[in-house]
Enquirer: 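Handing you this structure, nothing more for now.
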2 protein chains.
Amino acid sequence: MERKVVEGPVRSREKSKQKLLNAVGKILKTKGFTALKVNDIATTAGLDKKLIYNYFGGVDQLIDEYIRSQDFWSNITLENAADMPDDGGREFMRLMLLSQFDYVAKNKELQKILLWGLYESRKSLKRVADDREIAGEVLLKHISDPFFGEKALHFRALMAIIVSGIYYLDMFTAVNGKTFCGIDLTQAAGRTEIKKALESLVTMIYETQQPVKKKRTAPKKTVARP
Amino acid sequence: MERKVVEGPVRSREKSKQKLLNAVGKILKTKGFTALKVNDIATTAGLDKKLIYNYFGGVDQLIDEYIRSQDFWSNITLENAADMPDDGGREFMRLMLLSQFDYVAKNKELQKILLWGLYESRKSLKRVADDREIAGEVLLKHISDPFFGEKALHFRALMAIIVSGIYYLDMFTAVNGKTFCGIDLTQAAGRTEIKKALESLVTMIYETQQPVKKKRTAPKKTVARP
DNA sequence: AAAATAACTCACCAAATGGTGACTATAAAA
DNA sequence: TTTTATAGTCACCATTTGGTGAGTTATTTT
């Protein structure tokens, strides 16, 4: 019986690099960023630590390459923007906040990265934050800014609070957290309550924070929802 | 010239314990929780590390005692509740959120503790979180719950998002952070924008989220305090 | 098949870290 | 003053961590 037909040679620089990068991810997810030590990474990858120095120059560079290789904000997109109703992004923001709340909750890796970014100043981590800004800017600039006009900045501040609240609550729940303001975030009921609050916030904002002096242009009522 | 009149004996168990506890605080504030190592703590305190084992049993117990010794939520109180208008806590919540935003921004120690609590499951850290819940519960239960009635839980969820957003934004700013949703949090203008957003949120919530079917009943104005 | 190249391992070192037993210095009690 | 209890120091060890030179094994080239 033939084996390893598709495997290729046992020794491959690229495969080993990948193993090391994967090891970083695994350790990050399971033990957190403080556990990212040379010895541990090497043994997790099943390789000698010397290779980390040979291939990446050191642990720091390996880690940076790992972080750069990940795309954490692929979920923030304008993909189906065409389907969206012309409501100043109201429906879009609603869906985005709700999905972000679940997305971060599920994505342990992103949680660790966010946390790490709050702990340490690191170029690659800064870039993750910058990428979020870039992804968000696309939405804000083209969707909400035009709609909110002179109140565009105000809307952004509101979103800043809400989005960062989502991040914190998800991270909080993943560790020590149980209740926040009496809401049990480990229970489905609690999470539903937060989601209702998010929806409520979007409604409030879009219904009371339009720019003054401008009659609200009646948005097309074509709401398609999954 | 006499010296050290008020100092007391050179060797004092209690004073040394305090020095060690202070060293923990100092390192935590300056280098973060990952830098809390025996050797470092001892040299920072100017004492031998053996004392950490003698007096506390180990670094972990020392750290726990340090955390327990701090009161991080003294700012959440009902101190001047009597002066407060009878508005279902609207003015109170407004002031609380604004002050919390500045308080956390200034309190590096609290930031580190909050961050630590997102990183590690530790009894003493859990207690800090629980203490926040307890302090908050006093306000929620007696002020907002009666006012919002059947929407009390909804109000709590809204507050959970806002308060945790405040925490995240303050921590974010302290490290990698510059802009969030395009708001530059390192600038006074950006911070003002967030504050305006916080005020706006309170207004929106109190003006659009009252319980339905119930005419706002004027709550009794007798707020007794310990 | 032999030579050359690249992938990889291993033994080893230095520094940092956690932890302890045996000692010394000080303060209080006798 | 001497004794005694205890506060504090110091030398020392074990383990972990970061890092590297020299050698070994696999793959490719000739």
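In what follows, chains carry the letters A, B, and so on, assigned in the order in which the sequence lines appear, proteins first and then strands, with residues in each chain numbered from 1.
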Enquirer: Do you know the tightest heavy-atom contact between D40(A) and A35(A)?
Expert: OD2-O, 3.7 Å
Enquirer: Starting at atom CZ of F56(A), determine the distance to atom P of dT20(D), rounded to an integer number of angstrom.
Expert: 16 Å
Enquirer: If I compare all heavy atoms of L153(A) with all of I183(B), which pair ends up nearest, and what's the gap?
Expert: O-CD1, 3.7 Å
Enquirer: Tell me, do I205(B) and M204(A) make a side-chain contact under 4.5 Å, heavy atoms counted?
Expert: yes
Enquirer: Roughly, in whole Å, what's the span from CG in N39(A) to P in dC12(C)?
Expert: 17 Å
Enquirer: Rounded to the nearest Å, what distance is computed from the CD1 atom of residue I63(B) to the P atom of nucleotide dG18(C)?
Expert: 10 Å
Enquirer: Under 3.5 Å, is there a donor on one side chain and an acceptor on the other for N75(B) and Q100(B)?
Expert: yes
Enquirer: Separation of K15(B) atom NZ from dA27(C) atom P, in whole Å?
Expert: 11 Å
Enquirer: What does nucleotides 3-14 of chain D look like as a protein-contact string, B for base, S for sugar-phosphate only, - for none, at under 4.0 angstrom between heavy atoms?
Expert: ----BBBB----
Enquirer: Whole Å only: how far is the CD1 atom of I52(A) from the P atom of dG18(D)?
Expert: 9 Å
Enquirer: Using ring pair (Phe, Tyr, Trp, His ring centres under 6.0 Å) as the criterion, point out the one residue from Y168(A), F172(A), Y167(A) that pairs with Y168(B).
Expert: Y167(A)
Enquirer: Cation-pi between R132(A) and F72(A): NZ/CZ under 6.0 Å from ring centre and within 45° of the ring axis?
Expert: no
Enquirer: Is it the case that Q18(A) and N22(A) place a side-chain donor and acceptor less than 3.5 Å from each other?
Expert: yes
Enquirer: To the nearest angstrom, how far is L36(A) atom CG from dT16(D) atom P?
Expert: 18 Å
Enquirer: Do Y55(B) and R13(B) have side chains that approach each other closer than 4.5 Å (heavy atoms only, starting at C-beta)?
Expert: yes
Enquirer: According to a 3.5 Å limit on both distances, what stems of 3 or more consecutive Watson-Crick or G-U pairs are formed with DNA chain D?
Expert: C:1-30 with D:1-30
Enquirer: How many whole angstroms separate atom OH of Y53(A) from atom C1' of dC10(C)?
Expert: 15 Å
